[in-house]
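Predicted, not measured: the structure shown is a model, and the values here were computed from it. In what follows, chains are A, B, ... by sequence order, proteins preceding strands, each numbered from 1.
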Protein chains: 4
Amino acid sequence: MKTGSTGSRAGEGGKRGRQKRMPRAVRERQMLDAAVRTFGQRGYRAASMDEIAELAGVSKPLVYLYLNSKEDLFTACIRREAAALTQAVRSAVNPDAPADQQLWDGLRAFFEHTALHPDAWAVLHSQARTVGEPFAAEVNAARAEIVAFVTALIGAAARAAHRDPSLPDREVAGLAHALVGAAESLAGWANTEPSVPAKEAAATLMNFAWAGLGDLMEGRPWSPPA
Amino acid sequence: MKTGSTGSRAGEGGKRGRQKRMPRAVRERQMLDAAVRTFGQRGYRAASMDEIAELAGVSKPLVYLYLNSKEDLFTACIRREAAALTQAVRSAVNPDAPADQQLWDGLRAFFEHTALHPDAWAVLHSQARTVGEPFAAEVNAARAEIVAFVTALIGAAARAAHRDPSLPDREVAGLAHALVGAAESLAGWANTEPSVPAKEAAATLMNFAWAGLGDLMEGRPWSPPA
Amino acid sequence: MKTGSTGSRAGEGGKRGRQKRMPRAVRERQMLDAAVRTFGQRGYRAASMDEIAELAGVSKPLVYLYLNSKEDLFTACIRREAAALTQAVRSAVNPDAPADQQLWDGLRAFFEHTALHPDAWAVLHSQARTVGEPFAAEVNAARAEIVAFVTALIGAAARAAHRDPSLPDREVAGLAHALVGAAESLAGWANTEPSVPAKEAAATLMNFAWAGLGDLMEGRPWSPPA
Amino acid sequence: MKTGSTGSRAGEGGKRGRQKRMPRAVRERQMLDAAVRTFGQRGYRAASMDEIAELAGVSKPLVYLYLNSKEDLFTACIRREAAALTQAVRSAVNPDAPADQQLWDGLRAFFEHTALHPDAWAVLHSQARTVGEPFAAEVNAARAEIVAFVTALIGAAARAAHRDPSLPDREVAGLAHALVGAAESLAGWANTEPSVPAKEAAATLMNFAWAGLGDLMEGRPWSPPA
DNA sequence: TATGAATGAGCATTCATTCAT
DNA sequence: GATGAATGAATGCTCATTCAT
């Protein structure tokens, strides 16, 4: 809904060619859209402010006036898209549902969101991992938030399963990292290969994560609730 | 002009300052080492040929003489490190062992290798994902090789489990991607957090992948063979 | 559209934030004040119109509306501050007093004024010397006026001393330049070093100028009249 | 002798148009010459690296390779020209001569040097006074060295004149500042007005400084020794 | 085999200045 | 009388790449 996949919104009238005089908030969103797209496709270093400004339909000075610097612009992209993604996942999950249901819902939302906003996903996933850049903290924070979310999910599920003692914390953290990594990888796979729908990707991962390869091989897949 | 018989101290003696006249193969390896290190730490765009040349202890023109261009140099890094990694994994796996043993051995080798060569791993994993760059093909090929390896492994295991019909090919491919992604993510986690040994990372992943979260929660973890 | 009778608090009341609707003369003085301060502290090139406008508490277009361009603004600063300085000096000097008294009074006024308005002095002295800039003429004119004043002073004194032939014009001009330069340098010194009061600076210069180093060394300083 | 007033040294042959492949030291001197000229004529901020590079007959990257940054380049100019000027003055003064002789010799050397290298003098005097710039320290150091030299001279003269107690230190420092300022001002005057030879400027200042205006008016000028 | 010298092209950033309201 | 929105044109600096030796 916000990452500029939708080219030009119809109805604003006429010629195209550099719309003039819009309120700051609108221009800022246009710039962020353009930036997400450019950063997503070229990477942070390779993206040029010229290209972003042009794609946003404004002059470069305006970009600087509103967003300060390339680094700040990128940080703003990260923040916006990370918030959008976590929001999408969070609002798809019912915290009172059983653990596998929660996971299933979250994964579906995740794959749907990443499929819908591939550039945003590229910014978060591929481009942002670069070490040494000053925004590394921002990116890691975003990822850490997701991992923490999953960690809590798994931990709660484990406790709910009456196990005592439950899994050690470090084990749980490791599992969360593994799960998130698997999801990231599958998201890339689903977007690259022609037509792997979000639901199928989610199902594959759910099978993998919940039943385990061992069960799958024995013909005991996990099956979607409800 | 001056035919240097022993003008400068031969061999490794002395202060270190810029060794002269060594065979091409050696020089090339020095350059690749420097390049992997620099690319791994800075990323492709941020790494400068100046820095690489200096770290390699040679002049820039020599780098160009031997390795042609920044792009070619990076491609060479990818190729070398991808080969090293796949070689490490492959040679740890006995194709006649049971599937879970094979997976276990492969994972251990993977985590050990990435822990041992973090810059190489960074080049393969983080830095190389950048789309749009001309070497994307090379990187994808390397990853595809690993995925194919895992795919074959899982496929064989499934067939060996007497299931009929076995899992559909696309499902298997998806599982392989998930597994590889989980491994990649865990490798980053193991290297970042203080002191998660390769073996533990491998065990965590093996548990996750083989037994599944469901089993784990019920207290039925996978246990290492032998 | 809305005819602002007393919509916003009139006069000086309230928080300070951007006073609306004041007479042009007042606004102009605010701008010049801000400009003198900024130019004095940053220099002509380094000062930005943004900073000046902000310091003046108005928007940039207003500055342009009233003062046309950066160059014109700077010229206006020069003119205002040069007039203030010469006025201060002139009005301190009684043209009927003896020459040394006139010089003494003028110097004191000069050092007092520059100590009181360091930014104005910086604009006149340091920042404005830049050759090549289009306002060089204005600055030189201001300085020339002071030199001419001193020249006249010295010339009159010489003639009054019954010397015949009096000092040649060029010699007098040179002396005036020397005296002005010495005063400028001492003004900088007095303002930089901690606590050299204007009066002391004036006395030092008066001694130097009137008695000469030779006399000083022989123990024959000039002593203030009255 | 070193500030590029002399356009192109004859004898290096032929076409002009970007001499190729010269040793680093030579190129560096060319760059400094060009920089002194440009900074002297335009000022620090207004001078562009492009212009300097072009005037030096090299490409901009080479300037950066050899001299690092605009700031460093300017600092190098200051250092070189300050050293040249102080050297010129120092080597003209015989420390065993009487004080007025020393002053006379020093002043002559000063006016000759500044007349010979007007751009260098502009860099030292006009352009460099800008406050807030990072090289202010360098410039002030250079000026402080000259002032210290003059201070020592005056102090020694005072002591040699058997006066007891001699002038207080602060008084001496003030006199030195006044003298240096007068010299600076006269240097500008001598260079601006058509044809005031160095010797005449020196004589004017010497009269002013040594005899004092009072003596001059009474017809008792200082007369050159020897 | 190996390098000091050199550059074309691009990039992030800033600034004085102007519309349209 | 006053301003939010917007830009053309520089400017400092870096980098991959190549000669000439």
Next item on the list: Nearest whole angstrom, please: distance from the P of E:dA6 to the CE of D:Met31.
Entry: 7 Å
Check: For B:Glu71, what residues pass the side chain to side chain donor-acceptor pair (under 3.5 Å) criterion, not counting sequence neighbours?
Finding: none
Margin query: Holding to ring pair (Phe, Tyr, Trp, His ring centres under 6.0 Å), I want the full list of residues that pass it with B:Tyr64, two or more places apart in sequence or in another chain.
Written below: none
Next item on the list: Check the distance between E:dA16's C1' and C:Ile52's CD1 and give it to me in whole angstrom.
Entry: 11 Å
Note to self: Rounded to whole Å, please give me the gap between CD in A:Glu54 and C1' in F:dG8.
What the structure shows: 15 Å
Item checked: Distance in angstrom units between D:Leu67 CG and E:dA5 P, rounded -> 13 Å
Notebook entry, point to check: Under the 6.0 Å and 45° cation-pi test, does B:Lys70 pair with B:Tyr44?
Noted result: yes
Item checked: Sugar-phosphate only, base, or nothing, as touched by C:Arg24 at under 4.0 Å among non-hydrogen atoms -> nothing
Check: C:Glu28 has an atom CD; how far is it from atom P of F:dG1, in whole Å?
Finding: 11 Å
Notebook entry, point to check: Considering all heavy atoms of both residues, which atom of C:Gln30 and which atom of C:Ala56 are nearest to each other, and what is their separation?
Noted result: OE1-O, 3.9 Å
Notebook entry, point to check: Given F:dA5, is OP1 or OP2 found less than 4.0 Å from the side-chain N or O atoms of A:Arg27?
Noted result: no
Next item on the list: Not counting sequence neighbours, which residues clear side chain to side chain donor-acceptor pair (under 3.5 Å) with B:Lys60? List them please.
Entry: B:Asp50
Check: B:Asp33: what forms a side chain to side chain donor-acceptor pair (under 3.5 Å) with it, not counting sequence neighbours?
Finding: B:Arg80
Margin query: Can you identify which nucleotide, out of F:dA6, E:dA6, E:dT1, has its nearest atom closest to the A:Leu65 side chain?
Written below: F:dA6
Notebook entry, point to check: Once you round it to whole Å, what is the distance between P of E:dC15 and CZ of C:Phe39?
Noted result: 13 Å
Checklist line | Integer-rounded Å distance: E:dA16 C1' and C:Glu51 CD | finding: 15 Å
Note to self: Could you write out DNA chain E as dot-bracket? Rules: Watson-Crick or G-U wobble, both distances under 3.5 Å, brackets [ ] for crossings, | for pairs with another strand, dot for unpaired.
What the structure shows: .||||||||||||||||||||
Next item on the list: Tell me, please, which residues at least two apart from C:Arg29 pass side chain to side chain donor-acceptor pair (under 3.5 Å).
Entry: none
Next item on the list: With sequence neighbours excluded, tell me which residues meet salt bridge (Lys or Arg N to Asp or Glu O under 4.0 Å) with C:Arg37.
Entry: none
Notebook entry, point to check: In the 5'-to-3' direction, what one-character label does each nucleotide of nucleotides 16-21 of chain F receive under the scheme B = base within less than 4.0 Å of a protein heavy atom, S = sugar-phosphate only, - = no such atom?
Noted result: SBBBS-
Item checked: Residue list, ring pair (Phe, Tyr, Trp, His ring centres under 6.0 Å) with B:Tyr66, at least two apart or on another chain -> none
